[in-house]
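When a ligand or atom number is given, it counts from 1 through the structure's own listing order. One-based numbering along the sequence shown. When reading the values below, keep in mind they use all heavy atoms of this one structure, side chains included, and skip hydrogens, waters and symmetry mates. Small disclaimer: the values here were computed from a predicted structure and weren't measured.
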Amino acid sequence: MDKYVIKGGTPLVGEVEIGGAKNAALAILTAAIMTDEPVTIDNIPDVSDINVLLEAISVIGATVDRIDRHTAVINGVTIGSVEVEYEYIKKIRASYYLLGALLGKYKRAEVPLPGGCNIGSRPIDQHLKGFRALGAEVEIRSGNIIAEAKYLHGAHIFMDMVSVGATINIMMAAALADGNTIIENAAREPHVVDVANFLNCMGANIKGAGTDVIRIRGVKSLHKCSYTIVPDMIEAGTYMFAAAATRGDVLVKNVIPKHLEAMTAKLQEIGCDVEEFDDAVRVTCRQRLGRTHVKTLPYPGFPTDMQPQMSVVLALARGTSIVTESIFENRFKYADELMRMGANIKIEGNTAIIDGVERLSGARISAPDLRAGAALVIAGLAADGYTVVDDIVYIQRGYEDFPGKLRSIGAEISQVSEEKEIQKFRMREVI
Ligand code: EPZ
């Protein structure tokens with residue numbers, strides 16, 4: 001299995017370009033099959049989750065032309081099945097967006113029930129509640145969700161909790177329902193807005209995305225369009241926090257600063273300089289950072305997908321910090337690995353109590369999930385000595401060319417597959 005090997009201690013300095021948002025692209029590439037005309041999408045991140053999803057939609061019969069790493073043309077006219085194979089749901093939960101897309105377009109969908117994952121049980125009851133409200137019969141049979149409707153009608157749906165996936169899935173199905181749908185307590189994330197903008201680009205009639213009330217006026221059909229995915233706020237935040245952890249000076253380009261405000265505010269609060277430009281932010285850290293309290297919340301609050309990266313920065317800060325994870329029930333799995341690097345972090349329920357230490361030391365660690373893996377790479381970049389990160393397949397799900405982008409801002413990091421390559425990496429300094 002491939003690994004990253006890192007020589008820590010070098011401040012990150014330079015410029016890094018951010019790609020398209022994985023969590024917008026997964027939904028938008030799925031929604032693209034809802035028309036029988038060609039849809040061109042660019043600024044797609046070249047990460048493994050996207051490649052698995054594109055495979056899943058081609059297996060049900062859609063045509064998928066990869067024009068280049070970041071551009072695809074999709075046409076749903078050739079779809080021959082509304083049954084999604086288990087292997088795709090097992091690989092990426094977001095395949096469940098095919099429920100909303102296929103139910104909206106064909107009034108029938110059969111998708112395996114996604115299991116839990118590394119960060120929590122992640123039920124999908126809110127998705128099913130929305131589909132039923134739109135008039136679909138939904139049942140679970142032999143591990144599959146079977147949703148079908150003679151026709152879908154508008155509904156007034158109040159979400160029991162803020163859910164990004166359920167908001168997007170219901171929005172897709174409602175786009176082709178008869179009548180008006182209102183989603184109350186809707187998720188407001190930028191990628192929810194991007195999906196709504198994309199559906200409108202295909203001829204849907206959706207208003208209010210980005211607020212907690214989304215209004216959808218159903219249309220008869222959707223048409224072709226060309227669309228560019230929004231920049232990835234979590235990829236951007238990951239590089240911002242890497243700059244902070246290594247006391248560097250990094251210009252993070254191709255971002256929407258407004259989407260980064262919760263992260264910017266926290267970095268400024270603990271002592272970083274963050275300068276905002278039209279489509280970039282510059283993070284400069286000149287001294288040891290201070291402590292703070294952070295609680296993850298739905299957007300515009302501090303994002304749960306940046307919680308591990310925040311904890312790594314606070315592990316090196318002066319004083320005691322508290323990080324509370326309010327979205328998922330099992331998102332501190334990186335804490336044990338961080339303690340092996342010398343961090344002083346105590347987990348109590350959904351809270352991490354972090355006593356900052358002066359230094360971290362490199363160690364052999366393993367990525368427990370996507371964002372925790374990225375955070376542990378940041379820890380390795382900030383630590384003294386060498387770090388080897390195993391199970392990097394998790395990180396490759398959501399970060400395009402992570403080592404290459406980090407090297408471009410001064411990091412000493414390589415992707416290796418053999419143990420002997422690790423020795424070679426360590427020896428290159430000595431030679
Ligand atoms: C999306 O997951 C993202 N994934 C996650 O990013 C992100 O952490 C999460 O939103 C929150 O922002 C994608 O977009 C592919 P939710 P999603 O539905 O939609 C509970 C990453 O690292 N819930 O907003 O699954 C759920 O268990 C990934 O890129 C229900 O109880 O998240 C959780 O506690 C990790 N019932 C909370 O709501 C439901 O029907 C928020 O989940 C749905 C959700």
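No donor-acceptor contact under 3.5 angstrom links the side chains of Y399 and E235, judged on distance only.
For the side chain to side chain contact (heavy atoms under 4.5 Å, CB included) test, residues two or more places apart in sequence or in another chain that qualify with S326 are K295, T296, L297. With sequence neighbours left out, R69 forms a salt bridge (charged side-chain N to carboxylate O under 4.0 Å, His left out) with D46, E400.
Sorted by first then second residue, the ring-ring contact (aromatic ring centres under 6.0 Å, His included) pairs that include residues 177-203, not counting sequence neighbours, are F198-Y227.
The pair K22-D49 meets the salt-bridge criterion, since a charged nitrogen lies less than 4.0 angstrom from a carboxylate oxygen.
A heavy-atom distance below 4.5 Å is found between the side chains of E189 and P298.
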Provide, line by line, the atom pairs where ligand 1 and the protein bring an N/O atom each to a distance under 3.5 Å; else say none.
from, atom 1, to, atom 2, distance (Å)
ligand 1, 2 (O), R122, NH2, 3.1
ligand 1, 6 (O), N23, ND2, 3.3
ligand 1, 6 (O), D305, OD2, 3.0
ligand 1, 8 (O), D305, OD1, 2.6
ligand 1, 8 (O), D305, OD2, 3.4
ligand 1, 18 (O), S163, OG, 2.7
ligand 1, 19 (O), G165, N, 2.8
ligand 1, 22 (O), R371, NE, 2.9
ligand 1, 24 (O), V164, N, 2.8
ligand 1, 25 (O), Y96, OH, 3.2
ligand 1, 25 (O), R122, NH2, 3.0
ligand 1, 29 (O), K22, NZ, 3.1
ligand 1, 29 (O), N23, ND2, 3.0
ligand 1, 29 (O), R371, NH2, 2.9
ligand 1, 34 (O), I327, O, 2.5
ligand 1, 36 (N), P123, O, 3.3
ligand 1, 36 (N), D125, OD1, 2.8
ligand 1, 40 (O), P123, O, 3.4
ligand 1, 40 (O), D125, N, 3.1
ligand 1, 40 (O), D125, OD1, 3.4
ligand 1, 40 (O), Q126, N, 2.7

